[in-house]
Amino acid sequence: MADTAAKTKDQATAPLPSWPDDVYRILKEAGVKQVAMVPDAGHSRLIRAFDADPETRLVTLTTEEEGVAMLAGAWLGGQRGVLLLQSSGVGNCINMLSLPAICHMPLLMLVTMRGDWGEFNPWQIPMGQGTQASLEAMGVIVTRADTPDDVAPMVWGAANLAFNTWRPAAVLIGQRVLGAKNFKELARK
Amino acid sequence: MTNPNALLHRRDVVNELLRDRGDILVVAGLGAPNWDVSAAGDHANNFPLWGAMGAAAMMGLGLALAQPKRKVLVITGDGEMLMGIGSLATIAVEKPANLTIAVLDNERFGETGMQKTHTASGVDLAGMALAAGIRTSCTVRTMEQVSEIRDLVHQGKGTVFALMKINPEALVFTLPPADGVILTTRFRQSVLGDEALYN
């Protein structure tokens, strides 16, 4: 426990967290072939890994609900996918989540949180605080990772849930894992 | 056919698009396009949407990427396409050679009382698709042009966007199965074989 706490405290100075590499490996082992995303800084390392992977199709969306529909189409065609998005994008997906819910299709969503631990920007709060409730209202099974060591096991668990029970599942990757931005510091620079 | 300004009839258009359909895969947008595709004949290789407005084109993209050897035809309405308008940009970037998007444009929200959509006021969906980068993008006003689009679907030589200008007629509903699990399972079983039934 002390070890984990120390890691979390020091992560601002730590050069590169290893969890995105673990997540990449887990998603490859799960057979993910289509990656749909609206970028977020917290996903940048994972996005780079998929971009360099010739076996995976990385698709940039104009809005996150496109990804819900695209991965439903992928499933109809026999491919597995993952949707990478920020918590604000969850709000864009709500009605489209009818699709995996009513069709019993797998949907794996990895959501990097804003409006969460240590948030500086007040405009991120409403959707950030509403993210989990919104997903659960639409029948998505939600788990959270709030330490770097939790991310890989939570993604492994959600991938298994989604692809083995044919349901939508989301992992919320907390801001404590990602590190909170400090805009006052950024503005001074 | 003699009057070049006469609007096409939606079921004539859909019947021609699906003539001798072979093994093409079809996604139908919610509302009248779903009923039109179903009126042409319920089929395991159809995925008719009953909701998720705005999904049709992107479902076509995911399916086309997953099944690059099959031809995918999305048949949807102008209101549904407008709700997913960003999809045109996403699809233009991905350039799937095996995807055709046919929009049945009656310039109306047909299911809700025939209110005008943006296309009734001049918004040009074919122009938007072209500007997004879908190079084969056209407005279709004759059955001869519909036949050409039908042939392009089967050739699969590049992403196609076709805006079909149709009569705003309200026709008898022809309903496919409504249960999403039935539609999903029969489609996957047809495309992927019996192994789709197992984890």
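Sequence lines set the chain letters: A, B, ... in the order given, protein chains first and strands last, and positions in each chain run from 1. Treat the numbers as computed from the prediction; the structure is a model and nothing was measured.
Of all heavy-atom pairs between A/G77 and B/A66, the closest is O-CB, 3.7 Å.
A/M37 CE: more than 12 foreign heavy atoms inside a 6.0 Å radius. No more than 12 heavy-atom neighbours from other residues, nucleotides or ligands sit within 6.0 angstrom of CD1 on A/I102. Around the CZ atom of B/R19, the shell of radius 6.0 Å holds more than 12 heavy atoms that belong to other residues, nucleotides or ligands. Annotation: B/M128, atom CE; neighbour count of heavy atoms from other residues, nucleotides and ligands within 6.0 Å does not exceed 12.
Under the 4.5 Å side-chain heavy-atom criterion for Ile, Leu, Val, Met, Phe, Trp and Tyr, B/F173 and B/F109 are members of distinct hydrophobic clusters. Criterion: ILVMFWY side-chain heavy atoms under 4.5 Å apart, direct or through other members. Under it, A/M109 and A/L27 are not part of a common hydrophobic cluster. In this structure, A/L108 is a member of the same hydrophobic cluster as A/V151, with clusters built from ILVMFWY side-chain heavy atoms closer than 4.5 Å. A/V68 is connected to A/V142 through a chain of hydrophobic side-chain contacts under 4.5 Å among Ile, Leu, Val, Met, Phe, Trp and Tyr, so both are in one cluster. Side-chain heavy atoms closer than 4.5 Å link hydrophobic residues (I, L, V, M, F, W, Y) into clusters, and following such links, possibly through other members, connects B/I75 to B/L8.
Per-residue heavy-atom pair counts under 4.5 Å with chain B were compared for A/A101, A/A69, A/G78, A/A72, and the maximum is reached by A/A69. Interface check for chain A: of the options B/G51, B/A89, B/G180, the most heavy-atom pairs under 4.5 Å are formed by B/G180.
Put simply, CZ on B/F187 and SG on A/C103 are 11.5 Å apart, with the number rounded to the nearest 0.5 Å. Rounding to the nearest 0.5 Å places CE of B/M59 at 5.0 Å from CG of A/L99.
If you measure heavy-atom distances from B/V181 to chain A, the contacts under 4.5 Å come from both the backbone and the side chain. The part of A/L58 that comes within reach of chain B is its backbone (N, CA, C, O), which places non-hydrogen atoms under 4.5 angstrom from that chain. Only the side chain of B/L49 comes within less than 4.5 Å of a heavy atom of chain A; its backbone N, CA, C and O stay farther away. Both the backbone and the side chain of A/L61 come within contact range of chain B, judged by heavy atoms closer than 4.5 Å. With a 4.5 angstrom heavy-atom cutoff, B/L183 does not touch chain A via any of its atoms.
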Quick one: donor-acceptor pairs between chain B and chain A, under 3.5 Å, side chains and backbone, table format.
residue: B/G62; atom: O; partner: A/Q34; partner atom: NE2; Å: 3.0
residue: B/Q67; atom: NE2; partner: A/G77; partner atom: O; Å: 2.9
residue: B/S87; atom: N; partner: A/E66; partner atom: OE2; Å: 3.1
residue: B/T90; atom: OG1; partner: A/E66; partner atom: OE1; Å: 2.7
residue: B/E94; atom: O; partner: A/R57; partner atom: NH2; Å: 2.9
residue: B/E94; atom: OE1; partner: A/R57; partner atom: NE; Å: 2.9
residue: B/E94; atom: OE1; partner: A/R57; partner atom: NH2; Å: 3.1
residue: B/R188; atom: NH1; partner: A/W75; partner atom: O; Å: 2.6
residue: B/N199; atom: OD1; partner: A/W166; partner atom: NE1; Å: 2.7
residue: B/N199; atom: ND2; partner: A/N164; partner atom: O; Å: 2.8

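For the pair A/V59 and B/L65, the minimum side-chain heavy-atom distance is below 4.5 Å.
Checked options B/I91, B/L61, B/L63; the residue passing with A/M70 is B/L61 (criterion: side-chain contact (heavy atoms from CB on, under 4.5 Å)).
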